[in-house]
Amino acid sequence: MRPYHSSALLSQITRGNFQQRGANLAVEAGMGSNGNDKTRLEEDICIHIFTVSSAMVGVCLTVIGLIRVVITLGKADTLADDFLASDALLFLTSCLLSYAALRVRSFRRRHLIERTADVVFITAMVVMTVICGFITYAISIS
């Protein structure tokens, strides 16, 4: 014969089992069930570099077009558009490297390509900041 359980006791037991299972799932999700969190993090970084780099290529090309319009209308000449074109190539290089890192199967090679893409991306951001300062200086003088 089955012992009688009150509904409150049964509810507590069931709730405890679900809470324990939820805690185990949370630990597995946080630590990674098969130890590939570092791989996921690197893929996530590659995806961010890929998307932002491609957007920055578009930004560089848009600003080059705007500078060309200002040069045509204002009869002024500046090297900013040439520098932005080279910066767009840096962003494109970063974008292609991060794409290659996403496609590579070897963890060691992925890590190397991802780090290279990261360095090229940071360099391109610094160059873009310098170019913005150059454009601001050229506008304030004229």
Side-chain angles (χ1 to χ4, degrees), residues 2-3 5-142:
R2 246 176 113 185
H5 292 288
S6 71
S7 62
L9 180 63
L10 185 60
S11 175
Q12 284 180 340
I13 292 171
T14 306
R15 193 175 327 126
N17 286 340
F18 282 126
Q19 287 175 347
Q20 181 63 36
R21 183 163 188 250
N24 288 341
L25 290 175
V27 168
E28 286 178 9
M31 293 176 53
S33 58
N34 56 1
N36 62 357
D37 280 344
K38 191 169 185 174
T39 303
R40 281 192 217 150
L41 179 64
E42 295 217 359
E43 286 177 0
D44 193 37
I45 290 171
C46 284
I47 290 170
H48 288 299
I49 291 173
F50 178 71
T51 56
V52 173
S53 292
S54 60
M56 293 308 288
V57 169
V59 168
C60 287
L61 294 176
T62 302
V63 173
I64 289 170
L66 291 172
I67 288 174
R68 296 307 308 166
V69 167
V70 168
I71 288 172
T72 303
L73 294 177
K75 307 289 190 228
D77 196 13
T78 182
L79 294 174
D81 56 339
D82 298 330
F83 291 141
L84 277 172
S86 63
D87 196 41
L89 290 176
L90 283 174
F91 280 120
L92 180 62
T93 303
S94 175
C95 181
L96 292 174
L97 284 170
S98 62
Y99 179 75
L102 288 170
R103 302 288 294 171
V104 167
R105 298 280 182 213
S106 167
F107 177 76
R108 179 182 265 165
R109 186 173 285 164
R110 178 185 303 138
H111 184 71
L112 177 67
I113 295 172
E114 190 269 337
R115 289 291 170 209
T116 306
D118 198 21
V119 167
V120 172
F121 178 76
I122 295 298
T123 303
M125 290 298 289
V126 169
V127 168
M128 179 172 253
T129 304
V130 170
I131 292 170
C132 288
F134 180 72
I135 293 171
T136 304
Y137 177 74
I139 290 173
S140 67
I141 287 181
S142 57

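- One finds the CG atom of L90 at 12.0 Å from the CD1 atom of I122 (value rounded to the nearest 0.5 Å).
- Atom OG1 of T123 sits about 9.5 Å away from atom CG of D118, to the nearest 0.5 Å.
- Scanning both residues, A88 and V57, for their nearest heavy atoms gives O-CG2, 3.6 Å.
- For C46 against E114, the heavy-atom pair with the smallest separation is SG-CG, 3.1 Å.
- Taking CD1 of I113 as the reference point, atom CG of L96 lies at 11.5 Å (rounded to 0.5 Å).
- To the nearest 0.5 angstrom, I131 atom CD1 is 4.5 Å from L84 atom CG.
- When all heavy atoms of L97 and T116 are compared, the closest pair comes out as CD1-CG2, 3.7 Å.
- If you take CD1 on I135 and CG on D81, they are separated by 8.5 Å, rounding to the nearest 0.5 Å.
- The environment of F134 atom CZ is dense: over 12 non-hydrogen atoms of other residues, nucleotides or ligands sit within 6.0 angstrom.
- Scored by the side chain to side chain donor-acceptor pair (under 3.5 Å) test, S53 finds S94 as partners (sequence neighbours excluded).
- V59 meets the side chain to side chain contact (heavy atoms under 4.5 Å, CB included) test with M56, V63, M128; sequence neighbours excluded.
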